[in-house]
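So the structure is just underneath, and the comments pick up after that.
So you know, we letter chains A, B, ... as the sequences are listed, proteins then strands, and number each from 1. Given the structure is predicted, the values throughout are model-derived calculations rather than measurements.
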2 protein chains.
Amino acid sequence: MKHTKRVRLEAHGWRVGSAQEFLDLSAEEAALVETKLRLSRAVRERRATLSQSQAALAKRLKSSQSRVAKMEAADPTVSVDLLLKALFALGATPRDVATAIRTPLPSAA
Amino acid sequence: MKHTKRVRLEAHGWRVGSAQEFLDLSAEEAALVETKLRLSRAVRERRATLSQSQAALAKRLKSSQSRVAKMEAADPTVSVDLLLKALFALGATPRDVATAIRTPLPSAA
DNA sequence: CCGTATTATGTCAGAACTGACATAATACGC
DNA sequence: GCGTATTATGTCAGTTCTGACATAATACGG
């Protein structure tokens with residue numbers, strides 16, 4: 001279950017216009033996906049550092065363990081808003097968030 | 001129409017638990033709101049720099065002028081996801097986004 | 001192995017967000 | 001002032017996201 005760019009676009013009722021426009025939108029979508037990946041990784045790392053279970057973080061967030069798992073899996077049904085809420089709940093500062101967003105993934109394109 | 005923390009929490013069906021918990025959640029909510037403000041400001045600045053109208057940006061985003069206006073007004077009905085989509089559509093890099101998130105507002109608390 | 005603690009995956013009703021539209025308010029040149 | 005271009009505010013039906021639940025998979029000590 002890995003809706004990526006393509007699927008997401010189709011879900012939005014896409015009908016490709018100019019190739020240029022499509023490519024640009026792809027790049028923008030890719031940047032957003034990459035950002036989500038970085039944030040989700042940051043959530044997992046901070047939580048692990050604090051030795052908290054997903055269930056514990058979920059409780060603090062008034063969310064559920066399954067949703068935390070999806071956050072860390074960068075599931076497309078998880079919004080950036082939720083990822084940020086999780087990070088702040090884990091004690092991250094805006095500076096920490098900024099760093100996470102700038103930090104490239106281990107081996108991602 | 002300025003739903004802030006309080007209203008948002010109530011909208012979520014809040015019932016205050018311990019004072020400590022409430023305060024913590026307030027701080028976290030505040031951090032998120034502050035982040036949204038910074039991003040919305042970044043959208044306005046980038047768009048202005050490019051001398052684009054809200055309508056032009058909206059078209060590029062496949063959105064509407066009114067929603068771009070709400071983005072720049074940091075309206076609570078605008079998600080961080082949408083703000084990021086706008087920034088990337090305006091040519092921002094993850095690094096730019098990170099900078100925006102770290103940059104304090106002119107005179108905010 | 002077996003318990004059990006933790007994490008992953010699927011599903012869905014309800015809540016939040018979105019684009020679009022209408023229309024009001026502002027800004028700016030003429 | 002008047003036109004008009006741009007931005008602001010309000011509303012709402014349709015889509016997306018969310019929490020919760022069930023349950024499967026994995027990790028790990030005994």
Nearest nucleotide by nearest heavy atom, which residue falls closer to the 5' end of DNA chain D, B:Arg47 or A:Ser63? B:Arg47

Atom-to-atom span, NZ of A:Lys70 to P of C:dA8 - whole angstrom: 11 Å

Could you check how far NZ of B:Lys62 sits from P of C:dA20, rounded to whole Å? 9 Å

Base, sugar-phosphate alone, or nothing: which one does A:Ser64 contact when heavy atoms must sit under 4.0 Å apart? base

Quickly work out the A:Gln52 CD to C:dA5 C1' distance and round it to whole Å. 16 Å

What's the separation between atom CD1 in B:Ile101 and atom CG in A:Asp96, rounded to the nearest 0.5 Å? 11.5 Å

Please tell me which of B:Arg44 and A:Leu82 maps to the more 5' nucleotide of DNA chain D, matching each residue to the nucleotide holding its nearest heavy atom. B:Arg44

Nucleotide nearest B:Ser79 (side chain, heavy atoms from C-beta), chosen from D:dT7, C:dT7, C:dT18: C:dT18

Which one, D:dG19, C:dA8, D:dA20, comes nearest to the side chain of A:Ser66? D:dA20

For B:Leu61 and C:dG19, give me the distance from atom CG to atom P, rounded to whole Å. 8 Å

Tell whether A:Gln65 reaches the base of D:dA20 with its side chain through a donor-acceptor pair below 3.5 angstrom. no

Heavy-atom side-chain contact between A:Met71 and A:Arg47 under 4.5 Å: no

Tell me: CD of A:Glu29 to C1' of D:dT16, nearest whole Å? 14 Å

Hey, could you give me the CZ/NZ distance between B:Arg60 and B:Lys85, rounded to the nearest 0.5 Å? 14.0 Å

Atom CG of B:Leu83 and atom P of C:dT18 are separated, to the nearest Å, by 8 Å

By the Watson-Crick or G-U definition, both distances under 3.5 Å, D:dT23 is matched with C:dA8

Using whole Å, what does the distance between atom P of nucleotide D:dT16 and atom CG of A:Asp81 come to? 16 Å

Choosing from D:dT18, C:dT18, D:dT7, which nucleotide comes nearest the side chain of B:Val78? C:dT18

Between A:Thr35 and B:Leu84, the two heavy atoms sitting closest are CG2-CD1, 4.1 Å

Of the non-hydrogen atoms in B:Leu90 and B:Val43, which two are nearest, and what is the gap between them? CD1-O, 3.7 Å

May I have the distance from A:Arg67 (atom CZ) to C:dA16 (atom P), rounded to whole angstrom? 14 Å

